[in-house]
Trainee: 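Have a look at this one.
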Amino acid sequence: MNKMMGLTKRNILVYFKDKSSILFSMLTPLIVLVLYILFLKGTYVSAIENSAKGLEGFINTADIEKIAAGLLLAGILGTALITIPYNTLMTIVKDKENKVDFDISATPINRVNIILSYFVASAFSAFVMTAAVTTIGLAVMRIDLGFTVAANDLAGIYMIILLGSVSASALFMIAMMFFKTSNASAAFMGLLSAAAGFLIGAYVPLSEFSDSMESVCNLFPATQITVLLKRFLLSDTLFGINEKIGGVDGGTFVDGIKEGFSMNAFFYGRTFEMGCSVAYIFAIIILSVIVISMIYPRIYKRK
Amino acid sequence: MSAISVKDLTKSYGDHEAVKGISFNVEEGELFAFLGENGAGKSTTINILCTILKKSGGAISILGKDLDSNEGFVRDNIGIVFQNSVLDQKLTVKENLMTRGSYYGYGKKQIMENLSDIMESFGLDEMWDQRYESLSGGQRRRVDIARALINKPKILFLDEPTTGLDPKSRMVLWNYIDHIRQNDSMTIFLTTHYMEETADADHVVILDKGVIKAEGTPAELKSRYASNHLLWYAKNNEENEKRIRETEYRYVADHYDICHSGNITELLYKNRDVMTDYEVLKGTMDDVFLKLTGKELAYE
């Protein structure tokens, strides 16, 4: 166990000590932030204002900005949970390319633990980085907008981040098996970064897509994770707004926000409840682990 | 007991046979040199001995134990310096060595204890907190060797450890390796492109296209396969050529390079009246290699 922990520590250090790797893994979340500052905030605010027509006496500008900020943070976290695990796992490809795997294979660490150490390092790095972004983001939103999150929702957010870190690491472990060079994995990273924002609905709400497209996007665990994050992040804010409205609109404003900003995951007309989403993500993790345990030992086997 | 015993080792990649039934022994505490040009099968053999690759056939025992059924034992008792560094560029020397030590299940205290012998002599303490990427080529190689020694191995594999280093760094590195040999009586398995590095070897094996061409001590190999050279500084003319007609020679710049496997003193004595300016060069391992393989080693 100590041996595996040593290799895990090394894999974590390799990611955290490489500033360019951290920058590249945070590039998409940063782009989401920049786009928010440039125009997404305006789009969000105007869409929320449209939904709030007739309720101006109940919903103020601060409420609208809180919703927009919550959506921004969910977008940042959703993309980070794709790009950080991917970047951490690129160590597998780099180690093969530079024959570092030879050095590891000639030590007493067994093959299963070698594979496990990459997986744990990726999930850990993604969790730590994303949890830090969450904490900073929530603190800024609290100071700037008075944004609040109930204690149980806060726990939920960190649990979902953990689930997102583990599921993305499991899936990308499979992806890494197909790359022979770090150039190839970096090129795929470029594609992934560009697609991630759209895939999870950070740039455009998924509700703007066709039903088929939205359903396909919701097949990805990262999209489901983002949906769950939106729910936990905005639960307190939307509850407060609903309280203020006092049922005058029959709940249509909050329902409209949830639907318009894809706070429910749809799959061909059927809604994923929270339990269903979590179960689906767990199923993906288990399936990925089975695939990993079938294929990876062959890669690290003495040939 | 032999530190390494290899019998009829073969390794194939599909139809290509990289190692074709080689056998050799490495005695405990000796410096064993494994020579061959790129593609001769040296690294494949090392990787098999280090449990990285699987052999296709033959039998290997390391420190008296069968390699296939004692992989864990072998890994605990070997250290490897690879051709290219396998340490992490962005990590400090300390982080690199501490993490590598933990691969063997050691805690910080044990790692420091294992490194204590070489900490000062290798200058590790001076570069302890420096990033690996910021070190010079010679310093990096020292850290690579320290990494290979972190588990106090009984056998140290050095796979072209000095390739790419300047002559001074090479000399310094060899001083360190000698230091280790003297202090720990470690068995050293060396592959190198630099023939002069095999001069101190106890046993040399020359590999060509997966087969052993020759083996023995450097002196034995030189006496068997290398000729001495007499450089006679004289004008290139018929009269001079008459005197050395019986030998193999060529004229280079301002001298005759006379290749002579017999008694050079006799040749000199016979021509003492004209041979006033001369030089005698003893046969080298380069000559041995050239003679056996028909190729000179590529200095990369």
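Here is how names work: the chains are called A, B, and so on, in the same order as the sequence lines, proteins then strands, and each is numbered from 1.
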Trainee: For chain B, which residues from residues 12-30 of chain A lie under 4.5 Å away (heavy-atom distances)?
Mentor: A:L13, A:V14, A:K17, A:D18, A:K19
Trainee: Can you tell which part of B:N96 gets under 4.5 Å to a heavy atom of chain A, answering side chain, backbone, both or neither?
Mentor: neither
Trainee: Is chain B contacted by the side chain of A:D103, its backbone, both, or neither, given a heavy-atom distance below 4.5 Å?
Mentor: both
Trainee: Side chain from CB out, backbone as N, CA, C, O: work out which of these in B:F82 comes under 4.5 Å of a heavy atom of chain A, or both, or neither.
Mentor: side chain
Trainee: Specify which of B:T92, B:N47, B:I80 makes the most heavy-atom pairs with chain A at under 4.5 Å.
Mentor: B:N47
Trainee: Can you run down the side-chain hydrogen bond (donor to acceptor under 3.5 Å, both in side chains) pairs that involve residues 162-173 of chain A, sequence neighbours left out, and say none if there aren't any?
Mentor: A:S122-A:S169
Trainee: Centre of B:Y176's six-membered ring, under 6.0 Å away, within 45 degrees of the axis: is that where NZ or CZ of B:R142 sits?
Mentor: no
Trainee: With a 3.5 Å cut-off and no angle check, do the side chains of A:T135 and A:Y158 form a donor-acceptor pair?
Mentor: yes
Trainee: What orientation do B:F157 and B:F189 show, parallel under 30°, tilted 30 to 60°, or perpendicular over 60°?
Mentor: tilted
Trainee: State whether a side-chain donor-acceptor pair under 3.5 Å links B:S85 with B:D144.
Mentor: yes
Trainee: Determine whether the aromatic ring centres of A:F178 and A:F188 lie less than 6.0 Å apart.
Mentor: no
Trainee: With a cut-off of under 6.0 Å to the ring centre and 45° to the axis, is B:K42 in cation-pi contact with B:F34?
Mentor: no
Trainee: Can you tell me how far the CD atom of B:E133 sits from the NZ atom of B:K90, to the nearest 0.5 Å?
Mentor: 4.0 Å
Trainee: Check whether B:D88 gets within reach of chain A through its side chain, its backbone, both or neither, counting any heavy atom under 4.5 Å.
Mentor: side chain
